Structure formats: structure tokens, C-alpha cells
Amino acid sequence: MKNVALDKHQRPLRDLRISVTDRCNFRCRYCMPEEIFGPDYSFLPEDKILSFDEIERLSRIFVSLGVRKLRITGGEPLLRKDLPELIKRLNQIDGVEDIGLTTNGSLLKKFAKDLYDAGLKRVTVSLDSLDEERFSNMSGNRGKVKAVLEGIQAATEVGMKVKINMVVQKGKNEKDILPMALYFKEKKHILRFIEYMDVGNYNGWKLDEVISKQAIIDLINEIMPLEHQEANYIGEVANRYRYKDSDDEIGIISSVTDSFCSSCTRARISAEGKLYTCLFATKGYDLRELVRSNQNDNEITAFIHSIWSNRTDRYSDERLNHTNQSNQTTSHKIEMSHIGG
Ligand code: SAM
Ligand code: SF4
Ligand code: SF4
């Protein structure tokens with residue numbers, strides 16, 4: 001493929017994460033703390049958000065540059081009107097091998113069937129605790145465990161493959177590690193533990209609130225022995241571990257204590273159409289402006305190609321130089337709720 005883009009560290013462009021809204025019905029403290037994202041916060045007006053036509057056009061361009069996997073995210077993507085219609089359109093793009101969706105699961109019961117019929121075969125549901133009180137606390141008094149579990153059940157019943165994401169934060173939900181592992185082993189869903197990250201500017205991140213990959217493994221291994229597994233493919237984000245007594249697995253996303261920038265092939269587009277080449281980027285490139293101008297596809301392709309070709313991002317590899325162990329960067333980072341993890 002003549003257009004395939006390699007960045008300055010020889011990493012190809014393979015994955016595109018598309019945020020379809022900056023809004024969310026939760027206020028997880030590590031992502032959209034209520035104090036900042038309260039009633040006075042200005043979310044994007046509809047005309048500033050990429051339309052389905054624009055998302056489809058950009059996705060085709062990204063596929064021509066080597067992207068094979070699309071992930072729909074947010075904010076909460078299920079708040080975006082007619083989302084199954086977008087899934088259907090993206091599924092018809094030649095070259096797209098896989099479409100995923102990351103959701104907080106609260107509305108999944110309602111949309112699981114339509115999403116599946118539109119071509120969504122995989123979903124990742126975020127759930128940080130099975131304890132109603134702790135989950136409510138972590139989600140800014142919005143989340144109900146029962147509703148999320150019903151969403152997971154509905155997605156499973158229609159035939160989707162479901163993975164679970166759990167952010168682990170010291171002092172908040174470390175006591176949920178084992179109950180979550182046991183519950184989802186039993187349900188046969190892969191649970192992925194995510195080290196709490198210094199994304200955005202407002203979550204007050206501190207290194208000592210991170211529970212490391214090794215600590216999580218040690219805790220589970222003591223009760224349910226684990227065995228490390230090879231990655232399924234180059235660039236897989238989660239480290240895989242299999243329970244020795246079964247075929248069930250867990251994953252650990254260790255952005256803080258064992259970073260994986262060298263195989264990072266992910267680009268992200270925010271709801272307002274900015275391209276970010278790293279989760280921790282301080283600068284985005286305005287694609288909305290381009291698709292709304294009279295630039296043709298070749299011109300937009302060349303622009304994205306040049307951005308990717310000049311990419312040098314390795315934030316997690318260099319994290320401690322940036323953060324000095326707390327979330328004190330000098331530049332303003334993009335918010336997680338704008339680019340969706
Ligand atoms: N609202 C959807 C959800 O929660 O699944 C999609 C967007 S959310 C930003 C995507 C993922 O990022 C979720 O799994 C969430 O738990 C994770 N996330 C958000 N803030 C995080 C942080 N500070 N550290 C680690 N993961 C985080
Ligand atoms: Fe919303 Fe997801 Fe962020 Fe929680 S992690 S506030 S559910 S966007
Ligand atoms: Fe990729 Fe940036 Fe995360 Fe490194 S820090 S893995 S470059 S998104």
C-alpha cells in the first residue's frame with residue numbers, strides 16, 4: 001500500500017479511536033470530576049461535533065493510510081443519537097477488519113441488539129467495582145452496578161464478545177480486584193485491569209495512587225495461579241495472563257509501570273474532529289476544519305500522512321520526566337473524556 005504511514009519510531013498507523021461525543025452521564029472522578037464538569041461546564045454544541053458523514057469520510061482516509069481497527073468511544077458513546085447507524089456505515093468500509101466500542105454500559109441493555117445488528121461484534125464495558133456504594137462513589141454518584149451488569153448480560157445474549165475494563169485506584173477500589181476477577185472468570189469475560197493514569201488536567205493524579213501491574217498479578221496469583229501469555233498480536237495494549245486451572249484470562253494495561261509506547265499504533269480523533277497522536281497529547285490537529293473546507297481526500301490524506309510521519313510521542317516511556325510523580329505538566333493535556341482512552 002503506497003500510502004502506509006510510519007512514524008519517527010517506525011510505528012505504523014493501525015488503529016483509530018473515534019470519540020463521538022464529549023458528554024457523559026457519569027462523572028468518574030478520575031476522568032470527569034464533578035467539580036470541573038458540573039452544570040456550568042460548556043460541552044460542545046452539535047454543529048461543532050463531527051457528523052456521521054464526516055466520520056465516515058475520515059475513517060476511509062485513515063484506512064487508506066493503514067488503519068484496520070476502529071474503536072468508538074466518548075464521553076459516553078451510547079449518548080450519541082443513532083449510533084448503530086454509524087456502526088453500520090463504518091462496517092461497510094473496505095479494509096476495516098474490526099470495530100470495537102468502549103462504553104460505561106449504563107445504556108447497553110437498551111442498544112445491544114441494534115448495535116449487534118449494525119455489525120458490532122465486540123464491546124468493552126467499563127466497571128470499577130461490584131459494590132454499589134463504591135461504584136457510585138467512583139462514578140460521581142451516577143453509576144448503578146445492576147444496570148451495567150444488565151448491559152453486559154444483554155450484549156452477551158445478542159452474541160457480542162464482551163471485555164471488562166476496571167481502573168484500579170489506591171484507596172478507592174483495590175479491594176474489588178479479587179471479587180471482580182472471580183466474578184468475571186465465572187462469567188467467562190476477560191477482565192482488564194487498567195493502572196490509574198495521569199490523563200487530562202483535573203483528576204489530581206499522584207503516582208502513589210497507582211496500583212502496579214505486578215501488585216495486581218501478585219494479589220490474584222496467590223488465590224488463583226496465573227500464567228503469562230504471549231500477546232495475540234504486535235501492539236496489543238493489555239498484557240495477558242491465563243488462570244492455570246482454565247482457559248480464562250485477565251489482561252493488565254500498565255501504562256504507568258510498564259509502558260508500551262514502542263508498539264503504539266493508535267491515533268485518536270476527538271468529538272470536535274481534532275487528531276491526537278497520543279493519549280497525553282497537548283496539541284491536536286484540526287481535521288474538522290479540513291473536511292468542512294474544500295480540500296479533497298488526497299489533500300487531507302497527505303496532511304494526516306505528514307502528521308503521522310513526524311510523530312515522536314512516547315509519553316508513558318518518559319512519564320516521570322514529565323510529571324515528577326504528580327500530574328504537574330507545564331502544558332495543558334487533552335481530556336480523556338474528549339478522546340476516550
Ligand atoms: N465512557 C466510556 C467508558 O467509560 O467506557 C468510554 C470513554 S472512557 C474515557 C474510556 C476508558 O478510559 C474507560 O475504560 C475508563 O475507565 C478509562 N479511563 C478514564 N480515565 C482514566 C484514568 N485516569 N486512568 C485510567 N483509565 C481511565
Ligand atoms: Fe464517562 Fe467514561 Fe469518563 Fe467515566 S470514564 S466519566 S463513564 S467518559
Ligand atoms: Fe501511545 Fe502515547 Fe500511550 Fe505511549 S503514551 S502508548 S505513545 S498513547
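Please read all numbers here as calculations on a predicted model, not as lab measurements.
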Criterion side chain to side chain donor-acceptor pair (under 3.5 Å) on E133 and N137, from CA distance to verdict: CA-CA 6 Å; E133 198 180 322; N137 182 274; over 6 Å; no
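- Cluster annotation: L107 is connected to V125 through the hydrophobic network of ILVMFWY side chains, with a link wherever side-chain heavy atoms come within less than 4.5 Å.
- Under the side-chain hydrogen bond (donor to acceptor under 3.5 Å, both in side chains) criterion, K146 pairs with E150, sequence neighbours left out.
- In this structure, P84 and A118 approach most closely via the heavy-atom pair O-CB, 3.2 Å.
- Residue pairs meeting the ring-ring contact (aromatic ring centres under 6.0 Å, His included) criterion with at least one member in residues 40-94, sequence neighbours excluded, are F37-Y41, Y41-F43.
- R242 contributes atom CZ, which lies 5.5 Å from atom CD of Q229 (distance to the nearest 0.5 angstrom).
- Residues G95 and V63 come closest through the heavy atom pair CA-CG1, 4.0 Å.
- With a 4.5 Å cut-off on side-chain heavy atoms, D248 and E186 do not count as touching.
- Heavy atoms only, all atoms of each residue included: E195 and S255 are closest at OE1-N, 3.7 Å.
- Using modelled atom types and a 3.5 Å distance limit, the side chains of N173 and Q169 yield no donor-acceptor pair.
- With sequence neighbours excluded, no residue satisfies ring pair (Phe, Tyr, Trp, His ring centres under 6.0 Å) with F193.
- When the side chains of ILVMFWY residues are joined at heavy-atom separations under 4.5 Å, either directly or via intervening members, L130 and I223 end up in a single hydrophobic cluster.
- In this structure, V237 and F260 have side chains that are in contact, with non-hydrogen atoms separated by less than 4.5 Å.
- Residues satisfying the salt bridge (charged side-chain N to carboxylate O under 4.0 Å, His left out) criterion with D47, sequence neighbours excluded, are absent altogether.
- Not counting sequence neighbours, the partners of D117 by the salt bridge (charged side-chain N to carboxylate O under 4.0 Å, His left out) test are K113.
- Between E209 and K172 no salt bridge is recorded (no basic side-chain N to carboxylate O distance below 4.0 Å).
- Side-chain N/O atoms of H305 and S309 include a donor and acceptor closer than 3.5 Å.
- Residues I217 and I250 share a single hydrophobic cluster, defined by chaining ILVMFWY side chains whose heavy atoms lie under 4.5 Å apart.
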Worked check of side chain to side chain contact (heavy atoms under 4.5 Å, CB included) between R29 and M138: CA-CA 6 Å; R29 287 163 196 270; M138 288 190 80; over 6 Å; no
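- Residues forming a salt bridge (charged side-chain N to carboxylate O under 4.0 Å, His left out) with D258 (at least two apart in sequence, or on another chain): K213.
- Side-chain heavy atoms closer than 4.5 Å link hydrophobic residues (I, L, V, M, F, W, Y) into clusters, and following such links, even through other members, never connects L16 to L6.
- Between the side chains of Y241 and N221, no donor-acceptor pair is found at a separation under 3.5 Å.
- A side chain to side chain contact (heavy atoms under 4.5 Å, CB included) with R57 is found for one member of L287, V291, L50 and no other, namely V291.
- Side-chain contact between R134 and D128 is absent, with no heavy-atom pair separated by less than 4.5 Å.
- Shown here for V162 and A155, the closest heavy-atom pair between the two residues is CG2-CB, 3.9 Å.
- The side-chain heavy atoms of Y196 and K170, taken from C-beta on, include no pair separated by under 4.5 Å.
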Trace of the side chain to side chain contact (heavy atoms under 4.5 Å, CB included) decision for L90 with V96: CA-CA 8 Å; L90 297 179; V96 170; 5.8 Å; no
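- A distance of 4.0 Å separates CD in E299 from CG in N296, rounded to the nearest 0.5 Å.
- Within the 4.5 Å cutoff, the side chain of V123 has no heavy atoms near those of the L115 side chain.
- In this structure, the side chain of S259 does not engage the main chain of V256 through any donor-acceptor pair within 3.5 Å.
- Qualifying salt bridge (charged side-chain N to carboxylate O under 4.0 Å, His left out) partners for D247, counting only residues two or more places apart in sequence or in other chains: none.
- With sequence neighbours left out, S106 forms a side-chain contact (heavy atoms from CB on, under 4.5 Å) with N25, F26, N104.
- You'll find the side chain of R71 reaches within 4.5 Å of the side chain of T124, heavy atoms only.
- A perpendicular orientation is assigned to the rings of Y285 and F303, their planes being inclined by more than 60° (bins at 30° and 60°).
- Annotation: side chain of I220 is in contact with side chain of Y243 (closest heavy-atom distance under 4.5 Å).
- To the nearest 0.5 Å, atom OG of residue S64 and atom CD1 of residue I300 are 11.0 Å apart.
- Note: the hydrophobic cluster containing I190 does not contain M166 (ILVMFWY, side chain heavy atoms under 4.5 Å, direct or indirect links).
- Here the closest heavy-atom approach between residue V145 and residue S129 is recorded as CG2-O, 3.6 Å.
- Salt bridge present: R314 and E318 bring a charged side-chain N and a carboxylate O closer than 4.0 Å.
- Between the side chains of T21 and E76, no donor-acceptor pair is found at a separation under 3.5 Å.
- The closest side-chain heavy-atom distance from Y315 to D198 is below 4.5 Å.
- The number of heavy-atom neighbours closer than 6.0 Å to NZ of K121, taken from other residues, nucleotides and ligands shown, is above 12.
- For residues 264-278, the pairs satisfying side-chain hydrogen bond (donor to acceptor under 3.5 Å, both in side chains) are D15-T265, T277-D313, with sequence neighbours left out.
- When every heavy atom of S126 is checked against every heavy atom of V148, the shortest pair comes out as O-CG1, 4.2 Å.
- E289 meets the side-chain hydrogen bond (donor to acceptor under 3.5 Å, both in side chains) test with no other residue; sequence neighbours excluded.
- Under the 4.5 angstrom side-chain criterion for Ile, Leu, Val, Met, Phe, Trp and Tyr, the cluster partners of L44 are I49.
- Identified under the salt bridge (Lys or Arg N to Asp or Glu O under 4.0 Å) test for residues 84-108, with sequence neighbours left out: D53-R89, E56-R89, R68-E97, D98-R122.
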